[in-house]
Undergrad: 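The structure's right below; bear with me while I get my questions together.
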Amino acid sequence: MENYIPEGLELVTDRRITRLFPIKFQPLGKPTKDDYVGSFEAYMDGQDGIAELEEKGFIRFVEEDDFFHLDTRLKCQFIEPEQQKEKFQVTEEATDKCTWGRKRIERFITRYVNYYTDKRKPDRAFILEQLESVAKENNVVLPTPEEINKSKSKPKKQQLIVGLVDTNTENKVSEYKYYFDGSNIVAYLPGENKAAEREMHERTKWDDLFDMLYPILKAECDEKNLPKEQKQLCRGKIEARLIRELYELYDYDDLTEKETCPEFISRKLYNKSAAYGERKKRFRRKKDQVRWTAWWTITYDDKLFSSEEQFRRKLLNYFRNKSHPDRGNWRVMGVFEHGEDNGRLHFHGFFYIPQGSEVGELVEAERYSTKRHCNEKYIENTEIRKKFGINKYEDIAEAMSSDINAMANYTTKMLHYMEKGEKVFYSRHIPMEFVGNFNTHDMLIYFCITCKRPVKRYVINKALLTRTDMNIRRTEEIEVYDSHNPYQNGLLEAA
């Protein structure tokens with residue numbers, strides 16, 4: 001099993017984990033060949049690679065007595081890992097003078113520091129001037145340049161904690177939610193992880209204005225095939241233009257509104273990014289729970305449909321009907337996109353088609369490819385050809401037998417189409433996770449990632465599970481003990 005530690009995280013574990021589960025470490029910064037240590041022999045033979053990573057601060061070992069065990073994990077007694085202090089502490093004197101809340105002051109100062117330290121940001125001087133003016137009006141104490149430079153030398157490190165489940169604790173039965181993540185079955189206890197605190201905001205005319213301006217500015221800034229740094233710079237330009245336009249063209253007033261203009265734009269852009277992250281998470285979860293049988297590309301034919309909207313509507317209605325248990329029990333998840341060369345509309349998607357529910361026949365076809373400038377052969381379905389037009393059918397099992405990365409390539413394509421702004425279509429009954437009862441000792445290891453809040457997950461022993469095409473369940477079912485259930489507390493037997 002290979003796991004990559006995301007950039008910016010510190011692994012806290014004991015040495016038993018690295019022997020049982022070899023890990024490839026991805027150091028901070030630009031990794032080189034010498035930075036990667038991951039072979040099983042490196043851990044068993046005690047080579048110097050682990051010690052070197054420990055010295056660099058990429059990994060920290062703790063003694064077994066001091067290590068966090070899972071004795072009380074079912075009681076939701078999670079011990080949060082030690083966190084470094086905030087970059088800038090908000091003093092009581094500052095909160096007494098300012099009418100804002102502590103969290104808002106922290107967000108405002110962080111915003112100021114980001115613009116102060118990143119000299120590449122467009123309109124940096126203009127926005128800093130606005131922020132300093134707002135800070136002066138509201139008695140917000142901004143950090144000095146010396147404090148900002150001092151904080152830059154000590155980047156905050158977040159933690160990844162991994163540990164073995166303690167089998168010496170009581171073996172209890174609880175209801176877990178679990179899912180397949182591509183390599184392991186991962187579970188969590190509902191209610192064990194604290195929900196993130198969320199600040200609610202009423203919708204105003206500025207939200208409508210943002211929704212109108214943002215797509216226009218984003219379309220002008222083409223991020224395609226740009227490196228990461230250029231993308232960040234491009235997004236900074238969008239943010240700066242939105243702030244400037246709201247100030248100069250639409251007379252945004254920081255004194256009369258509940259948020260300053262930079263705060264408002266920052267929050268809206270963060271919400272956009274977080275929503276896209278949740279859509280990607282939902283897509284990956286649903287994609288991993290089903291054993292898909294085919295990858296299908298269906299192309300719009302203007303001879304069969306009067307418009308693209310008619311093609312979209314009829315195709316999706318066809319998939320909705322086919323997903324009904326009495327009409328085929330298909331599973332479909334896919335997305336529309338316009339071709340880069342000719343702009344023609346396509347539908348790309350994963351399909352699960354049970355045996356006996358196939359439609360039409362699969363035949364070999366040939367046509368001229370305007371993209372590759374040659375004739376190419378492909379597999380086509382006769383019924384889909386008749387109803388919707390040209391289609392290309394690919395068997396996923398066959399594709400993976402010739403290329404082990406085929407599924408990853410299909411996933412990358414779908415995510416690329418999502419980035420263009422298209423919504424993913426999901427047919428009914430595609431699970432995102434499953435619910436089942438498990439013992440405490442059914443878990444092999446646990447891991448916690450602390451970013452904004454600690455999130456704890458467990459890896460289930462695969463030997464206890466049975467996986468079908470559309471379901472994962474424990475081979476031998478067990479029940480949670482309920483003291484009020486007469487079938488379990490013995491009251492029926494006593495009667």
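Keep in mind that what you see is a predicted model, and the values were worked out from it rather than measured.
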Undergrad: Quick one: CG on L246 to CD1 on I265, what's the gap to the nearest 0.5 Å?
TA: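 The distance works out to 5.0 Å.
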Undergrad: For the pair K413 and E337, find out whether any cationic side-chain nitrogen is under 4.0 Å from an anionic carboxylate oxygen.
TA: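 E337 and K413: not salt-bridged.
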Undergrad: Can you name the side-chain hydrogen bond (donor to acceptor under 3.5 Å, both in side chains) partners of Q232, sequence neighbours left out?
TA: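 Testing Q232 for side-chain hydrogen bond (donor to acceptor under 3.5 Å, both in side chains), a comparison that skips the adjacent residues, returns none.
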Undergrad: Looking at R312 and E422, is any side-chain nitrogen of the basic one under 4.0 Å from a carboxylate oxygen of the acidic one?
TA: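 Between R312 and E422 there is a salt bridge, with a charged N closer than 4.0 Å to a carboxylate O.
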Undergrad: Looking at the rings of Y252 and W206, which for Trp means the six-membered one, are their centres under 6.0 Å apart?
TA: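 Yes, the ring centres sit under 6.0 Å apart.
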Undergrad: Near R284 CZ, under 6.0 Å, is it more than 12 heavy atoms from other residues, nucleotides or ligands?
TA: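 Not buried by this count: 12 neighbours or fewer within 6.0 Å.
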Undergrad: Please determine whether a side-chain nitrogen of the Lys or Arg among E278 and R282 lies less than 4.0 Å from a carboxylate oxygen of the Asp or Glu.
TA: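 No salt bridge links E278 with R282.
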Undergrad: Strictly below 4.0 Å, N to O, side chains only: are R203 and D208 in salt-bridge contact?
TA: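 D208 and R203: salt-bridged.
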Undergrad: Just one of F319, W295, Y318 clears the ring pair (Phe, Tyr, Trp, His ring centres under 6.0 Å) bar with F347, so which one?
TA: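 So the option named by the test is F319.
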Undergrad: Run F351 and W296 through ring pair (Phe, Tyr, Trp, His ring centres under 6.0 Å) and show every step you take.
TA: CA-CA 7 Å; F351 287 75; W296 222 329; 5.1 Å; yes
Undergrad: Would you say the ring centroid of Y300 lies under 6.0 angstrom from that of H346?
TA: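 Distance test on ring centres: not under 6.0 Å, no.
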Undergrad: Establish, yes or no, whether a centroid distance under 6.0 Å links the rings of F283 and Y276.
TA: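 So the answer is no for these two rings.
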Undergrad: Any luck finding a side-chain donor-acceptor pair between D207 and T204 under 3.5 Å?
TA: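 Present: a donor and an acceptor within the cut-off.
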Undergrad: With rounding to the nearest 0.5 angstrom, report the CZ to CD1 distance, R285 to I430.
TA: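 Here the rounded value is 15.0 Å.
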Undergrad: Please find out if less than 6.0 Å separates the ring center of Y178 from that of F438.
TA: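 When the ring centroids of Y178 and F438 are compared, they turn out to be within the sub-6.0 Å range.
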Undergrad: Step by step, would you call D301 with R344 a salt bridge (Lys or Arg N to Asp or Glu O under 4.0 Å)?
TA: CA-CA 9 Å; D301 190 342; R344 188 169 288 272; 5.4 Å; no
